Each structure stands twice: as C-alpha cells, then as structure tokens.
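Contents: one structure, followed by commentary.
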Amino acid sequence: MGDCLAPAEASPVTDESRGVFVVLEGGEGAGKSTQIAALARMLAREGREVVTCREPGGTPVGERLREALFATTDDEAPPTPETELLIFNAARAQLVREVIVPALERNAIVLCDRFTASTVAYQHYGRGVPRSIVDAANAVATGGLHPDLTVLLQLDPAEGFRRTGKGRDYLERAGLEFHTDVARGFLEQAAADPEHWLVLDASKPEMQITHAILERLRSLTEG
C-alpha cells in the first residue's frame, strides 16, 4: 500500500464516490469507544459497511507501538514529547495505508477513535511541541488524508477523571492542568473549522449523542 498514497499535500482518496471518514475525539472518559460501538451497530443494520479503528493501534504494527507507549510504568521515565509525536504518527501512517484508505476506496464508513486532532491537542497544547512540527509529522503520516467529520465529545477533565478512576496509563496519570490544556486544544481546533467539526456535550445521555452524530453523518452520506 505504500505506493497508493499521494504526496502529503494531496489527499490519497479523492474519488467523490468514496466512503466517509469520521473521527471521534475527546479527553479521557468522554465515551468515544461507546459511541463508536453504537454507531457501528446502527449503521451496519442499515446495510453499510463499517470499519472501526483506534489510535494508536488498529494494525499489528500499530498495536505493538501502542503497547510500547502505554506499558510505561510509574518507575520508568515517560516518553518524551518528541517520542510521543513520532510513535503516534508511525502507528498512524500504518493505519492510514493498511486500513483507512482501502476501506474508503470500498465506499465504507470508517469510524476512528482519535486522529490528528488528538496529536495537536496532546502534543502541541499539552506538551508544548511547536505546532509547525506537529503539523508536519501529521502530514507525513496521513499523506494528506483529512476526516470528513470530526466529532468532539466535550467533557470537563475533572469529570473525565471521575469516570475513569485512577489513571491506567501515563497519559491518564497526567495532571488536571495538562488535561485542561488538551481540552482547550480540542475546542480551539473545532472553533477554527466548524464545517468539519461537531461538538457535543459528552455528559448528555448516550443515545442522544449517538442520534446527533447519526444525523450529521447522514447529511454527508445522503448529501
């Protein structure tokens, strides 16, 4: 699949008949995986091919990279911000080429748990890596692929901590200030591109959120 992607400045999937790429974003405990599972079930019942994936991960290579990151214990030095940036994007490069692009070419609906907006929020707003470096790394990994819709499940970071309990990995163990910066990063990205973002209150009932996403998604698939 390495040769199927255009250079970073061009989208690797440009056919108007291609599928739809939807990304769910948000902080810890926002309910992304719950919503992806519900959306996949409902769309499959309508006869659509649905491909679900997560970042980092979604491929054998990506899952091994995920394990390398999140197996870090309290007794070990955490990954540096630059290491995070490169590992997340290494996993993303594999996912885009192995899973996402082929699915879109089959006219499938792809539902992904996190994508480049998370890298901007966590590594730029949270860690302080310059935005130009983050954007350049993201561009290499994606080959220019952008989501058709990014759904932000907005939740106060303190509530997210209450939902998840004690942090299970080094990112979840980061302090409230870090996660507040991340939340601001998501909101600022959404405000800058309202045409491609849908911001929803993650404290609302799960089915209410699911139906709001489906309504926006149908405007893309039926438009």
Side-chain angles (χ1 to χ4, degrees), residues 1 5-6 8-14 18-28 30-37 39-40 50-59 61-63 65-66 69-70 84-105 108-127 129 131 133-155 171 182-200 202 213 216-217 220:
M1 289 300 299
L5 290 178
E9 66 270 12
S11 172
V13 181
T14 57
R18 76 170 178 92
V20 178
F21 182 26
V22 180
V23 174
L24 273 74
E25 296 282 12
E28 312 307 320
K32 300 183 309 301
S33 58
T34 298
Q35 288 300 321
I36 285 176
L39 291 165
V50 182
V51 173
T52 63
C53 49
R54 68 174 181 174
E55 286 206 337
T59 67
V61 169
E63 291 297 330
L65 290 169
R66 181 187 185 93
L69 271 176
F70 292 121
E84 283 182 329
L85 175 67
L86 294 174
I87 290 180
F88 281 125
N89 270 301
R92 176 173 298 138
Q94 190 72 22
L95 182 67
V96 166
R97 290 154 177 82
E98 184 177 332
V99 176
I100 297 176
V101 167
L104 293 175
E105 290 174 342
I109 295 176
V110 177
L111 304 174
C112 192
D113 186 337
R114 299 198 183 282
F115 200 59
T116 53
S118 274
T119 308
V120 173
Y122 281 84
Q123 275 67 63
H124 173 58
Y125 284 88
R127 300 298 193 201
V129 178
R131 179 67 184 265
I133 294 176
V134 172
D135 287 345
N138 285 347
V140 171
T142 63
L145 177 67
H146 299 285
D148 298 294
L149 174 64
T150 299
V151 179
L152 173 58
L153 301 180
Q154 184 184 1
L155 187 69
L171 279 177
V182 169
R184 176 171 59 87
F186 280 125
L187 284 171
E188 290 189 5
Q189 290 180 82
D193 189 15
E195 181 181 353
H196 297 102
W197 282 70
L198 173 64
V199 181
L200 297 173
I213 299 172
R216 181 68 172 269
L217 179 55
L220 296 174

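Predicted model, so just to flag it, every value in this text is computed and none were measured.
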**Study point:** Ring center gap for F115 and F21 short of 6.0 angstrom
**Key:** yes
Exercise for review: State, with a plain yes or no, whether a side-chain heavy atom of L39 is found less than 4.5 Å away from one of V22.
Suggested key: no
**Study point:** Least distance between heavy atoms, V51 atom then A108 atom
**Key:** CG2-CB, 4.3 Å
Check your understanding: In chain order, what residues pass the ring-ring contact (aromatic ring centres under 6.0 Å, His included) check against F186, with sequence neighbours excluded?
Key -> none
**Study point:** Q154 side-chain N/O to A202 backbone N/O, donor-acceptor pair under 3.5 Å
**Key:** no
**Study point:** Contact check, side chains of V140 and N89, non-hydrogen atoms, under 4.5 Å
**Key:** no
Review point. Nearest 0.5 Å, what's the CD1-CG distance between I36 and L24?
Key: 5.0 Å
Practice item. Let me know which of T142, T119, T116 forms a side-chain hydrogen bond (donor to acceptor under 3.5 Å, both in side chains) with R92. Key: T119
Review point. Hey, does F88 have a side-chain heavy atom less than 4.5 Å from the side chain of Q123?
Key: yes
Point to revise | Residue pair L217 / V20, side-chain heavy-atom distance below 4.5 Å | key: yes
Review point. When rounded to the nearest 0.5 angstrom, what is the spacing between CG in L153 and CG in L198?
Key: 8.5 Å
Exercise for review: Write down the atom of C112, the atom of L95, and the distance for their closest heavy-atom approach.
Suggested key: SG-CD2, 4.2 Å
Point to revise | P56 versus A91, closest heavy-atom pair with distance | key: CB-CB, 3.9 Å
Check your understanding: Heavy-atom distance under 4.5 Å between the side chains of R54 and E63, does that happen here?
Key -> yes
Check your understanding: Considering all heavy atoms of both residues, which atom of P147 and which atom of V23 are nearest to each other, and what is their separation?
Key -> CG-CG2, 3.6 Å
Review point. Which distance, rounded to the nearest 0.5 Å, do you find between the CG of L111 and the CD1 of I213?
Key: 9.0 Å
Study note, to complete from the structure: Minimal heavy-atom distance between A190 and L152, with the atoms involved, is CB-CD2, 4.4 Å
Check your understanding: Does G62 offer a backbone N or O that forms a donor-acceptor pair with the side chain of R66 under 3.5 Å?
Key -> no
Exercise for review: For Q94 and V61, indicate whether the former's side chain and the latter's backbone hold a donor-acceptor pair under 3.5 Å.
Suggested key: no
Exercise for review: Provide the full list of salt bridge (Lys or Arg N to Asp or Glu O under 4.0 Å) pairs with a residue in residues 108-125, sequence neighbours left out, each pair given once.
Suggested key: E25-R114, E28-R114, K32-D113
**Study point:** H124 side chain to V129 backbone, donor-acceptor under 3.5 Å
**Key:** yes
Practice item. Quick one: pull up OG1 in T150 and NE2 in H196 and give me the separation to the nearest 0.5 Å. Key: 9.0 Å
